[in-house]
Enquirer: 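This structure is in structure tokens; I'll ask about it shortly.
Every number for a ligand or one of its atoms is a count from 1 in the order of the listing.
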Amino acid sequence: MPVLYTNEYPHTLPHVNETYIRRTAEILLDLLGRTAAELSILLVDDKRMSELNSAWRQKDGSTNVLAFSLTEGEDLGMAGNLLGDIVISIETAVREAAREKISLHQRLDFLLVHGFLHLIGYDHEKSRADSQIMVKREKEILQQLKIKRSEPMIRLAVNVDHVATLREARGIKEPDPVLAAGICELAGAEGIVVHLREDRRHIQDRDVRLLRQSVKTKLNLEMGANREIIKFALDIKPDMVTLVPEKRKELTTEGGLNVTGQKKKLRDVIRQMNDAGIPVSLFIDPDPRQIAASRSIGATYVEIHTGRYSDASGEEEREHEFALISAAAENAYETGLRVNAGHGLNYFNTTRVASLATIEELSIGHAIMTRAIFVGLDQAVREMLALMI
Ligand code: PXP
């Protein structure tokens with residue numbers, strides 16, 4: 001649960017957009033390299049802010065934002081993944097926005113960035129030099145935030161496993177999935193996915209090690225919760241891992257993880273990964289029980305299995321499966337999870353899934369590689385991206 005949002009502001013006006021604030025906080029976690037961390041945001045009025053200001057900082061009156069870090073001081077070690085709390089007084093933010101002639105949400109952006117920087121150790125009250133450093137960083141991050149917001153929400157992560165499948169069919173060095181990954185990124189993919197299987201049928205350790213160095217966007221390592229691969233992942237430190245069920249005899253991942261049935265084991269893997277700063281996604285069927293269980297054991301993301309939607313044999317079945325995906329994405333997002341989706345998506349069925357506002361990223365492999373044989377990898381990626389707008 002990366003962002004815990006609590007609105008204790010006791011009035012309905014002004015309207016504060018929860019999705020906007022959660023999205024801002026998620027972008028900040030990503031921008032500052034803390035994707036695996038959790039952040040709590042509390043909105044209050046001036047009265048409550050004055051109480052907090054007096055209790056914790058021995059200061060009179062309200063203020064705009066307070067940040068309580070859980071990664072420093074006596075609480076260190078008690079925090080788990082929680083970076084800390086950012087408390088914002090909406091009443092003060094409204095007054096400041098009016099004074100600066102900007103919208104409330106623009107002002108909230110600034111207050112969130114300010115609070116976030118305090119949480120990770122910046123302190124403008126220490127000295128003039130510290131204040132200058134913090135102001136400069138605030139400006140940089142606000143600029144990056146603007147750019148990130150203007151990008152389309154949905155991203156494409158390309159799975160390059162099947163480039164390795166072709167290589168392994170000959171047992172030689174070509175084609176190289178590392179080179180393929182670079183081409184995908186140049187064509188506009190914002191992530192590279194590889195599944196390091198226990199049987200090493202396609203992707204090899206060498207591929208992941210090289211990709212770790214060469215991928216410029218985000219390396220997502222798909223893996224089963226198996227001890228040897230966990231050790232490897234902790235050593236390589238991909239940008240994220242996606243846990244999938246893995247059976248030796250399957251041709252591809254067949255279904256979502258049974259999270260409800262193995263909470264303890266998965267919680268333990270998530271904890272180990274998070275301790276190493278690696279966020280974890282759980283590949284699950286669009287099932288509310290699996291979503292609730294994923295959240296309860298601390299996953300940052302879920303990847304919703306789109307396989308049954310993709311394989312549906314008729315319109316009625318496809319509609320039914322799409323409705324499940326749509327409801328699951330909404331449910332997971334509302335629960336506080338970040339949401340990806342994938343499996344079996346192709347040039348005919350992706351646009352609809354990409355239109356779901358709560359999904360951040362699609363993971364697509366086989367269809368892109370199949371098309372790449374005929375039109376080239378660069379074009380195959382670009383064509384898929386064009387369908388996701
Ligand atoms: N997501 C997961 C968890 C997968 O296991 C796979 C297949 O490796 C994909 C997405 C991509 O599926 P496809 O190759 O059918 O696009």
Side-chain angles (χ1 to χ4, degrees), residues 154-166 168 177 180-181 184 189-203 207-208 211 218-226 229 233 238 240-259 266 269 279-287 290 294 299-312 321 325 328-329 332 338-354 359-373 377 380-381 383-385 387-388:
I154 191 110
R155 297 185 298 260
L156 171 64
V158 179
N159 180 316
V160 296
D161 289 353
H162 293 305
V163 178
T165 303
L166 200 54
E168 297 304 308
C184 294
E190 290 190 69
I192 298 298
V193 189
V194 284
H195 184 173
L196 185 68
R197 281 183 169 269
E198 209 181 329
D199 62 12
R200 306 297 198 270
R201 70 171 73 155
H202 39 52
I203 292 295
D207 301 329
V208 189
L211 285 166
K218 206 174 72 183
L219 179 63
N220 179 352
L221 180 63
E222 248 183 58
M223 51 182 264
N226 125 352
I229 309 262
M240 65 183 285
V241 304
T242 299
L243 296 178
V244 297
E246 195 176 299
K247 296 192 210 112
R248 277 195 173 246
K249 291 217 173 103
E250 67 191 355
L251 285 177
T252 179
T253 314
E254 280 170 357
L257 274 170
N258 176 9
V259 184
L266 294 175
V269 182
V280 176
S281 177
L282 301 179
F283 183 56
I284 56 166
D285 290 328
D287 173 345
Q290 301 297 346
S294 301
T300 301
Y301 296 86
V302 285
E303 180 180 330
I304 297 177
H305 190 348
T306 50
R308 274 202 295 274
Y309 159 74
S310 303
D311 296 340
E321 292 299 334
I325 292 169
R338 297 175 71 169
V339 189
N340 296 335
H343 211 285
L345 295 175
N346 60 36
Y347 292 83
F348 302 99
N349 61 22
T350 295
T351 301
R352 222 174 155 197
V353 178
I359 296 182
E360 280 187 43
E361 189 169 282
L362 298 181
S363 168
I364 307 181
H366 191 266
I368 291 176
M369 296 308 157
T370 305
R371 193 162 183 81
I373 291 173
L377 185 51
V381 172
E383 286 178 14
M384 185 57 84
L385 281 167
L387 294 171
M388 289 171 53

Enquirer: Is N159 in contact with ligand 1, taking contact as a heavy-atom separation below 4.0 Å?
Expert: yes

Enquirer: Side chain to side chain contact (heavy atoms under 4.5 Å, CB included), that's the test. Do I359 and I154 meet it? Break it down for me.
Expert: CA-CA 6 Å; I359 296 182; I154 191 110; 3.7 Å; yes

Enquirer: Report the part of H343 (side chain from C-beta onward, or backbone N, CA, C, O) that has a heavy atom under 4.0 Å from ligand 1; answer both or neither where that applies.
Expert: both

Enquirer: Is R201 salt-bridged to D199, cutoff N-O under 4.0 Å?
Expert: yes

Enquirer: Just to confirm my output: which protein heavy-atom neighbour is closest to atom 14 (O) of ligand 1, and how far is it?
Expert: H366 N, 2.9 Å

Enquirer: Considering non-hydrogen atoms of the protein only, which is the closest contact for atom 2 (C) of ligand 1, and what is the distance?
Expert: E222 OE2, 3.2 Å

Enquirer: Could you list the residues that satisfy salt bridge (Lys or Arg N to Asp or Glu O under 4.0 Å) with R352, not counting sequence neighbours?
Expert: E319

Enquirer: Using a strict 4.0 Å cut-off to heavy atoms of V244, name the atoms of ligand 1 that fall inside it.
Expert: 3 (C)

Enquirer: Applying salt bridge (charged side-chain N to carboxylate O under 4.0 Å, His left out) as the test, list every pair that has at least one member in residues 360-373; sequence neighbours left out.
Expert: R155-E360, R155-E361, K218-E361, R338-E360, R371-E383

Enquirer: Compare every heavy atom of A180 with every heavy atom of L377, then report the nearest pair and how far apart it is.
Expert: CD2-O, 3.6 Å

Enquirer: Using only heavy-atom distances, determine whether the side chains of N159 and S363 contain a donor-acceptor pair under 3.5 Å.
Expert: no

Enquirer: Just need the protein heavy atom nearest to atom 1 (N) of ligand 1, so name the residue and atom and give the distance.
Expert: E303 OE2, 2.5 Å

Enquirer: Looking only at protein heavy atoms, identify the closest one to atom 11 (C) of ligand 1 and say how far it is in Å.
Expert: S363 O, 3.8 Å

Enquirer: Considering heavy atoms of the protein only, find what lies nearest to atom 16 (O) of ligand 1 and give residue, atom and distance to 0.1 Å.
Expert: G365 N, 2.8 Å

Enquirer: Between H343 and E303, is the side-chain hydrogen bond (donor to acceptor under 3.5 Å, both in side chains) condition met? List the steps.
Expert: CA-CA 9 Å; H343 211 285; E303 180 180 330; over 6 Å; no

Enquirer: Taking the non-hydrogen atoms of G344, is any one of them nearer than 4.0 angstrom to ligand 1?
Expert: yes

